[in-house]
2 protein chains.
Amino acid sequence: MSKQKRDAEATKAKIIENSMMLFSKNGFDATTVDEIANVSDVNKALIYYYFKNKAGLYEIVMNEVLSAIYTKVIEANKICKSPIDELEAFIKTYADFANKQPYFPALLLRELSDNGAHIPQMMFSSMRRLFKLLSEILQRGEKEGIFNNVIPMVIHFMIIGTVNLLVTTAPLRKKAAQMTDEINTCSDCPMDEISDYIFKKIKIMLEVK
Amino acid sequence: MSKQKRDAEATKAKIIENSMMLFSKNGFDATTVDEIANVSDVNKALIYYYFKNKAGLYEIVMNEVLSAIYTKVIEANKICKSPIDELEAFIKTYADFANKQPYFPALLLRELSDNGAHIPQMMFSSMRRLFKLLSEILQRGEKEGIFNNVIPMVIHFMIIGTVNLLVTTAPLRKKAAQMTDEINTCSDCPMDEISDYIFKKIKIMLEVK
DNA sequence: TAATTAACTAACTAGTTAGTTAATTATATA
DNA sequence: TATATAATTAACTAACTAGTTAGTTAATTA
């Protein structure tokens with residue numbers, strides 16, 4: 001392997017990586033193409049050479065992230081023996097991913113609160129795949145008499161919503177913890193303890209007594 | 001009452017009202033001061049005459065919204081007899097407000113996913129008041145032996161997160177319902193039925209068996 | 001090694017946006 | 001009724017930003 005001065009794939013990957021970081025941190029509008037170029041140490045025009053435009057780059061970034069999480073969730077799902085196992089895997093895999101890729105929940109929340117202004121179609125179907133998986137787990141559980149009174153859409157948002165808020169507010173909560181003594185903002189609970197708590201609570205909530 | 005050509009208070013209120021609508025719909029960055037001025041039928045400079053700058057206007061708008069919701073929740077809380085009543089009132093009042101003021105959840109999500117970039121301090125303390133109230137309800141319930149194994153921060157985000165996602169995705173879900181037959185996105189469940197479901201499920205989740 | 005292509009850049013354009021200035025109009029008050 | 005003051009505007013600027021163009025340099029191939 002010769003050390004190359006030019007490596008298109010690596011450059012492209014670098015641009016995507018930095019875009020992901022910046023879009024997640026600052027959102028679509030507040031991220032400038034100039035900024036992406038500077039951070040990535042490439043000329044701005046190169047971004048237009050590789051990607052159609054800013055929205056096109058954004059779409060690729062989102063696609064990459066959403067595919068990654070879907071793959072992980074599916075992977076974790078494969079080795080499960082029961083709907084309860086599957087529910088646990090779903091929650092913990094999602095939480096773990098969101099925690100390790102902490103920009104992702106912010107991106108997702110922002111995009112949802114924009115009504116998918118920037119990437120309507122793709123976003124949409126990616127999120128649907130994830131929801132469909134959980135939906136099937138819950139309905140299977142209900143058929144088997146393990147769960148009862150399930151509204152999958154609400155349970156899905158309960159999981160996604162809770163995890164996303166916990167991850168996105170983590171820095172804010174850390175700051176709050178230093179300021180006040182009275183309120184416990186859970187600022188040093190590790191994510192795997194929290195996700196275990198969420199799973200156990202949702203299990204209680206759904207299980208037939 | 002004479003019909004005036006000039007009414008500073010009314011003009012100011014009009015600007016705030018339209019700002020709230022636009023900021024909520026499009027976020028801070030994507031809302032332009034020109035747009036606010038046009039919609040409000042005033043000259044842009046008037047906005048700078050009344051408000052320090054764009055961020056100052058945004059802060060006032062946010063303050064107004066957050067105070068309104070806090071007032072409603074406190075009001076509903078007053079007539080409650082038990083922690084379970086209080087929990088029910090908290091969830092349903094918040095959900096009702098979010099549903100009637102459907103831009104608010106989007107604003108909140110966006111602001112949280114920005115780490116409070118635009119209005120750090122005020123936003124912060126407004127959200128804390130709301131959390132403190134729920135926190136006290138839950139801890140009182142735990143002391144009275146009604147609830148068990150409560151982590152208020154997680155329960156708070158479970159409520160806020162679920163409601164916010166349901167409200168912000170409502171138009172998206174409606175669109176999805178037309179496209180596919182297989183997945184039930186809860187697109188025509190009325191909010192008060194959903195908030196009742198959320199309350200009942202969270203009650204089960206927290207109550208001592 | 002010459003020709004061709006792929007990777008990359010400097011410098012620009014056209015359009016947008018927050019914020020300002022200096023002037024104008026309406027209203028209250030002396 | 002004159003005048004001060006509060007409300008409002010037209011017209012501007014400085015800074016920024018998405019996207020383009022015309023060109024350069026490195027790598028590949030004939």
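Quick note on labels: first sequence line is chain A, next is B, and so on, each numbered from 1. The basis for the numbers below is simple: all heavy atoms, side chains too, and nothing from hydrogens, waters or symmetry mates.
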Quick tally for nucleotides 4-18 of chain D: nucleotides whose base has a protein heavy atom under 4.0 Å get B, sugar-phosphate-only ones S, the rest -, giving --BBBBB------SB

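Applying the salt bridge (Lys or Arg N to Asp or Glu O under 4.0 Å) definition to pairs two or more places apart or across chains, those involving residues 38-47 of chain A are A/Asp34-A/Lys44. The salt bridge (Lys or Arg N to Asp or Glu O under 4.0 Å) pairs that include a residue from residues 185-194 of chain A number zero, where partners must be two or more places apart or lie in different chains. Applying the salt bridge (Lys or Arg N to Asp or Glu O under 4.0 Å) definition to pairs two or more places apart or across chains, those involving residues 133-142 of chain A are A/Glu86-A/Arg140.
Here C/dT20 presents its C1' atom at 15 Å from NZ of B/Lys52, a figure rounded to the nearest Å.
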Given pairs defined as Watson-Crick or G-U wobble with both distances under 3.5 Å, what dot-bracket annotation applies to DNA chain D, with ( ) intrastrand, [ ] crossing, | other strand and . unpaired? ||||||||||||||||||||||||||||||

Please output the side-chain donor-acceptor pairs of residues 160-167 of chain A that fall under 3.5 Å, not counting sequence neighbours, one pair per line with the distance.
unit_1: A/Thr162; atom_1: OG1; unit_2: A/Met158; atom_2: O; d: 2.4
unit_1: A/Asn164; atom_1: OD1; unit_2: A/Tyr94; atom_2: OH; d: 2.9

Result block: side-chain N/O donor-acceptor pairs under 3.5 angstrom for residues 12-28 of chain B, not counting sequence neighbours:
unit_1: B/Lys14; atom_1: NZ; unit_2: B/Ser40; atom_2: O; d: 3.2
unit_1: B/Asn18; atom_1: ND2; unit_2: B/Lys14; atom_2: O; d: 3.0
unit_1: B/Asn18; atom_1: ND2; unit_2: B/Ser40; atom_2: OG; d: 3.0
unit_1: B/Ser19; atom_1: OG; unit_2: B/Ile15; atom_2: O; d: 2.6
unit_1: B/Ser24; atom_1: OG; unit_2: B/Met20; atom_2: O; d: 2.5

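Not counting sequence neighbours, A/Asn99 has no partner by the side chain to side chain donor-acceptor pair (under 3.5 Å) test. Taking B/Lys132 as the reference, A/Glu182 meet the salt bridge (Lys or Arg N to Asp or Glu O under 4.0 Å) condition, with sequence neighbours excluded.
Remark: B/Lys92 does not engage B/Asp96 in a salt bridge, criterion side-chain N to carboxylate O under 4.0 Å.
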